Number of protein chains: 2
Amino acid sequence: MTRRVTLMDVSKQAGVGVATVSRALAAEPHRDVSPATRERIRRIADDLGYRPSLAARALRTGEYRALSVIVPDFEWGWWEPVVRSAYNAAEEHGYHLLVHPVGERRGGAAGTISALSNVPTDGVIVLGFSASREVQNAAAALRLPVVSVDDTEANPILPTVSVDNRAGGRMATEHLLSQGRQRLAYVGNTWAGNFVDQRIQGFRDAHDSAGIEVNDRLILRCENPWDDPPFTFKELDELLADGVRIDGMFCEYDRMAGPALRSLRRAGLTVPGDVAVVGYDDEEWAKLTDPPLTTIRQPYEELGALAVSLAIQAQTRPVAAERRTVVPTLRKRQSA
Amino acid sequence: MTRRVTLMDVSKQAGVGVATVSRALAAEPHRDVSPATRERIRRIADDLGYRPSLAARALRTGEYRALSVIVPDFEWGWWEPVVRSAYNAAEEHGYHLLVHPVGERRGGAAGTISALSNVPTDGVIVLGFSASREVQNAAAALRLPVVSVDDTEANPILPTVSVDNRAGGRMATEHLLSQGRQRLAYVGNTWAGNFVDQRIQGFRDAHDSAGIEVNDRLILRCENPWDDPPFTFKELDELLADGVRIDGMFCEYDRMAGPALRSLRRAGLTVPGDVAVVGYDDEEWAKLTDPPLTTIRQPYEELGALAVSLAIQAQTRPVAAERRTVVPTLRKRQSA
DNA sequence: TTGTATGCGTTATCAT
DNA sequence: ATGATAACGCATACAA
């Protein structure tokens with residue numbers, strides 16, 4: 001391992017001062033350096049294999065030009081496209097994006113943010129967590145601005161970008177109703193959460209507009225059956241066994257579709273013939289279910305780009321702790 | 001935004017020199033500082049909200065204590081658990097792990113590595129790319145050691161950690177044969193690649209051991225049907241329509257299972273009754289197919305941990321450009 | 001247009 | 001056990 005090539009080396013080789021070299025190598029052509037020398041110096045730097053020291057630069061400028069995004073690593077999938085778009089957006093701003101999965105062992109989102117004291121970063125984007133005080137405090141302790149994505153708390157305490165879940169629920173339901181389906185089930189998880197309430201609210205909204213009454217018995221809260229046979233939703237199995245008829249189903253999120261489709265098939269119902277099914281999230285594998293899943297697609301690209309732009313803004317001037325809402329769209333496939 | 005708290009501030013407050021403060025705040029108790037002052041200084045630092053400057057530290061020590069992992073962002077899914085285990089392993093070594101998705105626009109793996117000149121990092125782990133000369137050169141230009149994961153080239157030019165695909169293919173096939181299945185199809189993608197050859201070789205190995213002849217007509221190379229109805233594999237549809245009987249199927253990787261299962265169902269075949277199906281990768285959603293997919297699980301945890309350990313080693317002493325192989329396991333579910 | 005000199009905050013070396 | 005100080009490599013204010 002030879003010593004690293006520094007500005008000094010380049011300057012000596014070029015027979016000019018380090019300042020000139022620094023200016024010549026600046027990203028955007030510096031006004032105080034002749035194109036000729038700029039060109040000459042850049043060539044020499046290249047020949048010598050010069051690479052700027054990020055540490056030295058950051059020490060001098062006080063910024064790393066990097067953002068960190070905290071992702072929930074126990075929930076695979078949905079956040080990937082957000083990270084992707086954030087990465088691209090960051091790049092366009094000349095920033096790098098560092099991705100940090102939250103480990104159970106790492107004390108959740110707040111713990112992961114605290115660990116960022118050892119990561120060179122200028123700002124934090126938190127994906128998919130309700131931004132509690134703890135998150136806010138952890139970031140404040142590091143003097144890092146935070147932006148939250150997909151936090152569905154009623155009153156955000158941070159600048160927040162999120163999707164209109166109520167509109168999404170409504171959209172899914174309207175799609176089902178518009179096909180003449182009348183007896184719709186809502187198949188949700190057992191957990192509670194604002195986004196759940198919002199999607200159900202959308203479900204109700206659509207019924208109201210259509211003048212159809214919601215049968216509360218069809219609003220199901222199901223236990224995860226993912227690890228034990230027969231991998232169906234027993235709540236749904238029982239409902240169907242009781243002879244309750246449904247002709248449409250809105251799954252709280254795509255992952256509910258696997259067990260739900262199995263329950264339907266087990267009950268001898270076809271999709272979409274007997275029952276039309278709509279999911280939520282448009283995860284990559286939604287096209288792999290049988291039949292391919294019609295679903296609500298979150299505007300992942302917007303989410304990522306917006307979050308990055310807010311995070312960069314927040315570095316210089318405070319950004320209001322208010323919610324920016326983006327709207328989902330319907331992705332039609334074969335299940336409804 | 002007030003000025004940041006530095007060692008100087010702490011030292012003045014404590015009435016000691018900066019060196020003492022630096023020693024007192026070192027991660028592992030420094031031998032040259034009394035426990036009393038150590039304790040006192042740490043408290044003061046805490047009170048003042050002192051955070052070390054990573055830039056200054058890195059400038060001084062010459063290392064960031066961070067590794068970068070390059071992941072193929074166009075292939076969702078399989079690498080997630082590897083990143084997770086790598087993250088944990090890195091943490092145990094006192095390192096941070098930075099995750100970098102490769103963008104199409106970013107010039108592939110090599111391009112993404114080059115972009116790391118703007119990322120504070122001490123080493124690179126490349127996931128899921130055949131480590132070409134380009135990758136090697138890109139890393140060399142940055143003077144960063146590289147470790148490759150899941151590169152299936154015959155002769156690795158980098159330290160490489162990979163899974164025994166031949167053993168995996170054999171394992172999947174033996175599982176099918178052991179159930180008395182005799183007419184097995186191999187359902188693969190149209191692409192070529194060493195890992196494909198290896199899995200097929202394992203498929204053949206198992207047949208050889210069982211004294212069963214492979215019917216080459218049953219080795220299918222199918223076009224992706226993921227974006228167009230009817231979302232089945234037409235190659236498989238045709239085979240079945242021709243009246244060819246199969247009773248078992250090995251999918252080259254889990255994602256092939258969606259269309260394959262649809263093809264089977266469309267042909268009126270049940271799974272696993274008529275046809276037993278085994279996948280490869282054990283992706284998260286493998287449990288969502290109907291029936292839940294029996295599959296070959298790659299030892300993701302080992303892959304990540306091993307890669308990190310090699311990358312850290314490579315920082316100090318050269319690590320041989322040889323392949324370390326780990327073995328997959330069978331994950332039994334309902335499809336076979 | 002270019003060169004010189006300073007300081008960013010830390011750790012390590014050398015005194016004491 | 002502690003303190004003073006040099007050096008890491010860069011960007012910039014200021015001088016030329």
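Note that the structure is predicted; figures quoted are calculated from it, not measured. First the proteins, then the strands, lettered A, B, ... as listed; each starts at 1.
At whole-Å resolution of the value, CZ in B:R40 and P in D:dA1 are 15 Å apart. One interatomic measurement links the two molecules: OH of A:Y64 to P of C:dG9, which rounds to 11 Å at whole-angstrom precision. Computed from coordinates, the B:I41 CD1 to C:dT10 P distance equals 14 Å when rounded to whole Å. In this structure, A:L7 atom CG and C:dT4 atom P are separated by 14 Å, rounded to whole Å. Atom CE of A:M8 is separated from atom P of C:dT4 by 11 Å (rounded to the nearest Å). Distance CZ (B:R57) to C1' (C:dC8): 16 Å, rounded to an integer number of Å. B:R38 places its CZ atom 13 Å from the P atom of D:dT2, with the value rounded to the nearest Å. Distance CG (A:L25) to C1' (D:dT12): 15 Å, rounded to an integer number of Å.
Here the side chain of B:L59 is nearest to one of C:dT10, D:dC8, C:dG3, namely D:dC8. Comparing atom distances between the A:V18 side chain and each of C:dG3, C:dT10, C:dA5 picks out C:dA5 as nearest. Listed nucleotides C:dT10, D:dT2, D:dA11 differ in distance to B:V33; the shortest reach to its side chain belongs to D:dT2. Listed nucleotides C:dG9, D:dG9, D:dA11 differ in distance to B:T6; the shortest reach to its side chain belongs to C:dG9.
Around CD of A:E153, the count of heavy atoms belonging to other residues, nucleotides or ligands within 6.0 Å exceeds 12.
Screening A:V149, A:V102, A:L98 against A:I70 for a side-chain contact (heavy atoms from CB on, under 4.5 Å) leaves a single residue, A:V102.
Looking at heavy-atom distances under 4.0 Å, B:T37 makes contact with sugar-phosphate atoms alone, never a base.
At the phosphate of C:dT10, OP1 or OP2 sits under 4.0 Å from a side-chain N or O atom of B:Y50. The shortest distance between the side-chain N/O atoms of B:S53 and the OP1/OP2 oxygens of C:dC8 is not below 4.0 Å. Under 4.0 angstrom from either OP1 or OP2 of D:dT2 there lies at least one side-chain N or O belonging to B:S34. In this model, the phosphate group of C:dT11 is not approached by any side-chain N or O of B:T61 to a distance below 4.0 Å at OP1 or OP2.
Taking for each of A:T20 and B:T20 the nucleotide of DNA chain D with the nearest heavy atom, the 5'-most of the two is the partner of B:T20. Residues A:R51 and B:A19 both approach DNA chain D. Their nearest nucleotides, taken by heavy-atom distance, put B:A19 toward the 5′ side.
Counting only heavy atoms from C-beta outward, the side chains of A:R23 and A:T20 approach each other to under 4.5 Å.
In this structure, a donor-acceptor pair under 3.5 Å is present between the side chains of B:Y87 and A:H100.
B:R324 places a side-chain N or O within donor-acceptor distance of the main-chain N or O of B:E322, the cut-off being under 3.5 Å.
Put simply, the side chain of B:R23 and the base of D:dG3 share a donor and an acceptor less than 3.5 Å apart.
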